[in-house]
Amino acid sequence: MIIVVLLACLLLSGCAGLGDWSVPLVEDYAIWRINGYEIVLVQEDNDGSGGQIVIDTYLYRVTWNEEFICVQRTDPPEKDKGLPIVPEVDYYILRVSDGEVFGPYTEAEYRDQCKVLDISDLPDWVYVSDLAP
């Protein structure tokens, strides 16, 4: 009986964080899914043990190249509910060379800022959830 209880405890303790993941983007920047309500852009520590949140939750879509990381951020889903089919988003731009973050912007402001920063060669937007390993 003691062995059964110990095995059950070991199995259950391993479940926390099961769906959490991270995806490297460019240089030391990555997207981390901390839990179902927190998906953030992080600048990872050199030793890979942690990182600093650069753009807070909830990342919805992302596009990037070697110079810029652009994200659409929205409010996290309500508990036990998913995101709306078309959530309202704010746009952010991270310049990789110096770590400067621009935003939040509306879509029109984002497009204007892309012109100012001479950003023209970004790939299509990718849903962050599609990046999960």
Side-chain angles (χ1 to χ4, degrees):
M1 182 66 157
I2 293 175
I3 293 174
V4 171
V5 171
L6 287 174
L7 285 174
C9 289
L10 285 173
L11 289 172
L12 292 176
S13 67
C15 292
L18 189 61
D20 301 341
W21 46 263
S22 67
V23 174
L25 297 180
V26 61
E27 292 195 16
D28 54 352
Y29 292 99
I31 293 179
W32 286 7
R33 182 186 185 274
I34 298 170
N35 60 51
Y37 304 99
E38 294 179 281
I39 300 177
V40 297
L41 180 65
V42 172
Q43 185 173 22
E44 296 180 316
D45 296 339
N46 291 336
D47 61 5
S49 64
Q52 177 181 344
I53 295 175
V54 177
I55 300 176
D56 206 353
T57 204
Y58 183 87
L59 300 189
Y60 178 61
R61 294 196 308 176
V62 64
T63 183
W64 72 95
N65 61 22
E66 294 298 315
E67 299 176 74
F68 294 96
I69 300 170
C70 301
V71 300
Q72 294 178 1
R73 187 199 155 281
T74 189
D75 292 326
E78 293 181 34
K79 201 166 197 142
D80 300 327
K81 293 184 180 179
L83 286 173
I85 292 173
V86 181
E88 292 184 25
V89 296
D90 294 321
Y91 293 78
Y92 290 83
I93 301 169
L94 170 88
R95 186 168 44 210
V96 173
S97 63
D98 61 5
E100 186 170 353
V101 175
F102 303 89
Y105 296 122
T106 64
E107 184 175 2
E109 293 168 333
Y110 166 76
R111 287 183 186 160
D112 290 342
Q113 188 64 29
C114 284
K115 290 176 187 170
V116 169
L117 295 171
D118 196 26
I119 303 172
S120 60
D121 61 343
L122 290 170
D124 291 338
W125 290 99
V126 175
Y127 289 98
V128 172
S129 58
D130 290 346
L131 297 174

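Remember, it's a predicted structure, so these values are computed and weren't measured experimentally.
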Sequence neighbours left out, cut at 3.5 Å: what donor-acceptor pairs do the side chains of residues 97-111 make with other protein atoms?
unit_1: Asp98; atom_1: OD1; unit_2: Arg95; atom_2: NE; d: 3.2
unit_1: Asp98; atom_1: OD1; unit_2: Glu100; atom_2: N; d: 3.0
unit_1: Asp98; atom_1: OD2; unit_2: Arg95; atom_2: NE; d: 3.3
unit_1: Asp98; atom_1: OD2; unit_2: Arg95; atom_2: NH2; d: 3.0
unit_1: Glu100; atom_1: OE1; unit_2: Arg95; atom_2: NH2; d: 2.8
unit_1: Tyr105; atom_1: OH; unit_2: Gln113; atom_2: OE1; d: 3.4
unit_1: Thr106; atom_1: OG1; unit_2: Glu109; atom_2: N; d: 3.2
unit_1: Thr106; atom_1: OG1; unit_2: Glu109; atom_2: OE1; d: 3.3
unit_1: Glu107; atom_1: OE2; unit_2: Arg111; atom_2: NH2; d: 2.5
unit_1: Glu109; atom_1: OE1; unit_2: Thr106; atom_2: N; d: 2.8

Asp56 to Leu59 - nearest heavy-atom pair and separation: O-CD2, 3.9 Å
Spacing of Gln52 atom CD and Tyr29 atom OH [to the nearest 0.5 Å]: 9.0 Å
ILVMFWY cluster, Ile55 and Tyr127 together (side-chain gap under 4.5 Å): yes
Side-chain touch Asp28/Gln43, heavy atoms, less than 4.5 angstrom: yes
Note, Ile34 side chain near Thr57 side chain (heavy atom, < 4.5 Å): no
For Asn65 against Glu67, the heavy-atom pair lying closest together: OD1-N, 2.8 Å
Minimum-distance pair of heavy atoms, taken over all atoms of Pro77 and Gly36: CG-O, 4.1 Å
Distance in Å, Gln72 CD paired with Trp125 CH2, rounded so as to fall on 0.5 Å steps: 4.5 Å
Flag side-chain contact, heavy atom, 4.5 Å: Tyr60 against Ile39: no
Verify same cluster id: Tyr37, Val62 (apolar side-chain graph, 4.5 Å): no
For Val26 against Glu66, the heavy-atom pair lying closest together: CG2-OE1, 3.3 Å
Which atom of Ile69 lies closest to which atom of Leu25, heavy atoms considered: CG2-CD1, 3.9 Å
Partner of Phe68 under side-chain contact (heavy atoms from CB on, under 4.5 Å), chosen from Asp121, Leu117, Leu94: Leu117
Spacing of Leu122 atom CG and Cys114 atom SG [to the nearest 0.5 Å]: 6.5 Å
Side chain to side chain, Val71 and Ile31, heavy atoms closer than 4.5 Å: no
Which atom of Thr74 lies closest to which atom of Glu88, heavy atoms considered: OG1-O, 2.7 Å
